[in-house]
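Structure first, then comments.
As a basis for the values below, the full set of heavy atoms in this structure was taken, side chains included, without hydrogen atoms, waters or symmetry mates. Because the structure is a prediction, the values reported are computed rather than measured.
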Amino acid sequence: AALAPGGPLHDASLPPRAWSVARVSVDPGTGAVAGLPGASANASLAPVDLDPEEWDALAAGVATLARSRERRPSDFDDFVAWLSKRGPFGAVIDGANVALFGQNWERGGFDFGQLRDALSALERARPGARPLVILHRSRLAGPAARSPPGRDLLADLKARQCLYAAPHGSNDDWYWLHATVAAKAGGLLVSNDEMRDHAFALLAPALVGRWKERHRATYTFNGRGAELEMPPPFSACAQRVAGGAWLLPPEGDSEAWLAAVPAPVPTEDA
């Protein structure tokens, strides 16, 4: 897990301090910590994102792997050039992952209605973000694309210039991953893909894990359409919070965080 910036555990220039250890609860909706005493009583956990060097390293890793795995590396280079002119996009949808969710061949196999519902949910959740839908070029033909939901959605996406079709022989995973990483801190991916494929394992696992926690929204469908689960408001990593306490994330099935709380600094009068 990443360590949130907040200074050293002990400053050698200060007198020795005693520490008390306790288990505390964290509000999953806000990150507010309940049960901390003293100066840390009103502390909250914060989101911890990649730093500039880590963003560059992740983007370079994605590009290197994509070019090495694509049948025609120039196809990916064409996308990079296209994105540099039209991007960045604040939200990227993994189109195949959404449209194939829960489908089977008897039901058509590819549901553009689900993709439309996910796009609508995204625009409600992030009304100011420019969306980009990534689909493989093969999905732009066939019965599903010619159906009324497919035809209408594709026409709308093309008119708004928020659709990119990955070429034949390419892996569209690299396209939605690059597009989201290129947006850096402002990017969001809509996908249920856990990115456990062996190719993803070749990237820096720690960077991918932290990026995924902060920049991936998952989804479900109900009778009213799509519902997004946005990234949590804080990062589940060791953090030093206001007042000097250190918080360590839960282990196993526990929901309690471990808190190390410093005793007040002794004074000359004490």
Side-chain angles (χ1 to χ4, degrees), residues 47 49-50 54-56 58-63 65-66 69-70 75-101 110-112 114-140 153-154 156-167 170-197 199-200 203 207-221 226-232:
D49 215 332
L50 278 64
E54 290 170 331
W55 278 115
D56 292 342
L58 182 57
V62 171
L65 270 178
R69 296 303 181 100
E70 288 287 87
D75 288 340
F76 181 76
D77 291 335
D78 290 342
F79 174 63
V80 172
W82 180 91
L83 190 67
S84 68
K85 293 180 180 178
R86 294 169 175 80
F89 291 87
V92 180
I93 297 180
D94 177 2
N97 182 271
V98 172
L100 290 170
F101 180 83
F110 198 89
D111 191 337
F112 276 97
Q114 290 186 171
L115 189 51
R116 177 203 60 219
D117 290 346
L119 181 62
S120 296
L122 173 62
E123 291 175 333
R124 290 193 300 271
R126 281 201 171 183
R130 293 176 60 213
L132 174 65
V133 177
I134 302 289
L135 285 171
H136 198 274
R137 188 167 295 169
S138 61
R139 300 299 184 183
L140 274 59
L153 179 60
L154 289 174
D156 177 56
L157 293 175
K158 291 175 182 177
R160 297 163 60 188
Q161 298 184 350
C162 58
L163 171 69
Y164 192 89
S170 65
N171 183 344
D172 55 345
D173 288 1
W174 299 119
Y175 291 72
W176 51 252
L177 182 57
H178 172 75
T180 313
V181 171
K184 297 188 176 181
L188 178 74
L189 171 68
V190 177
S191 178
N192 284 351
D193 193 324
E194 292 294 338
M195 294 170 246
R196 296 194 179 111
D197 183 89
F200 288 114
L203 295 167
L207 293 186
V208 173
R210 288 166 56 199
W211 169 83
K212 188 170 68 171
E213 181 192 40
R214 301 277 0 118
H215 298 283
R216 184 185 66 135
T218 58
Y219 61 85
T220 56
F221 292 102
E227 181 176 341
L228 299 185
E229 182 173 348
M230 302 297 283

Measure from the side-chain N and O atoms of N97 to the backbone N and O of N192, and report whether any donor-acceptor pair falls under 3.5 Å. yes

Over all atoms of both residues, closest heavy-atom pair of D193 and D173: OD2-OD2, 4.2 Å

Decide side chain to side chain contact (heavy atoms under 4.5 Å, CB included) for D77 and D75; before the verdict, give the C-alpha distance in whole Å, the side-chain angles of both, and the deciding distance to 0.1 Å. CA-CA 5 Å; D77 291 335; D75 288 340; over 6 Å; no

Output all residues satisfying salt bridge (charged side-chain N to carboxylate O under 4.0 Å, His left out) with D78, sequence neighbours left out; order by chain, then residue number. none

When you compare the side chains of Y175 and D94, does any donor N or O come within less than 3.5 Å of an acceptor on the partner? no

How many angstroms lie between atom OH of Y219 and atom CZ of F101, to the nearest 0.5 angstrom? 5.5 Å

CG-OG1 distance between L228 and T220, expressed to the nearest 0.5 angstrom: 8.0 Å

Could you check if a side-chain atom of I93 sits within less than 4.5 angstrom of a side-chain atom of L119, using non-hydrogen atoms only? yes

Any pair with a residue in residues 177-188 that passes side chain to side chain donor-acceptor pair (under 3.5 Å), sequence neighbours left out, goes on the list, sorted by first then second residue, please. none

Walk me through whether V190 and W176 qualify under side chain to side chain contact (heavy atoms under 4.5 Å, CB included). CA-CA 10 Å; V190 177; W176 51 252; over 6 Å; no

Within 6.0 Å of CD in E123, more than 12 heavy atoms from elsewhere: yes

In terms of heavy-atom contacts, M230 and L188 come closest through CE-CD2, 3.5 Å

Minimum heavy-atom distance L132-A179, with the two atoms named: CD2-CB, 4.0 Å

Does the side chain to side chain contact (heavy atoms under 4.5 Å, CB included) test come out yes or no for L115 and L153, once each step is laid out? CA-CA 8 Å; L115 189 51; L153 179 60; 3.9 Å; yes

Is any side-chain heavy atom of I134 closer than 4.5 Å to a side-chain heavy atom of V92? yes

Under the ring pair (Phe, Tyr, Trp, His ring centres under 6.0 Å) criterion, do Y164 and W82 qualify, and how do the steps go? CA-CA 9 Å; Y164 192 89; W82 180 91; 4.8 Å; yes

Distance-minimising heavy-atom pair for V98 and Q114: O-NE2, 2.9 Å

Between the side chain of R69 and the main-chain N/O of N171, is any donor-acceptor distance below 3.5 Å? no

First locate atom CG of D117, then atom CZ of F221, and finally report the distance between them rounded to the nearest 0.5 Å. 6.5 Å

How about L177 and L189: do any of their side-chain heavy atoms sit closer than 4.5 Å? no

Could you measure the distance from the NE2 atom of H136 to the CZ atom of F110? Nearest 0.5 Å is fine. 11.0 Å

Heavy-atom closest pair, residues A182 and P88: O-CB, 4.5 Å

So that I can tick it off, tell me whether R216 and E194 are bridged by a salt bridge, with the cut-off set at under 4.0 angstrom between side-chain N and carboxylate O. yes

Nearest atoms (heavy-atom pairs only) where P131 meets C162: O-CB, 2.9 Å

Who are the side-chain contact (heavy atoms from CB on, under 4.5 Å) partners of D49, not counting sequence neighbours? W55, A185, R214, H215

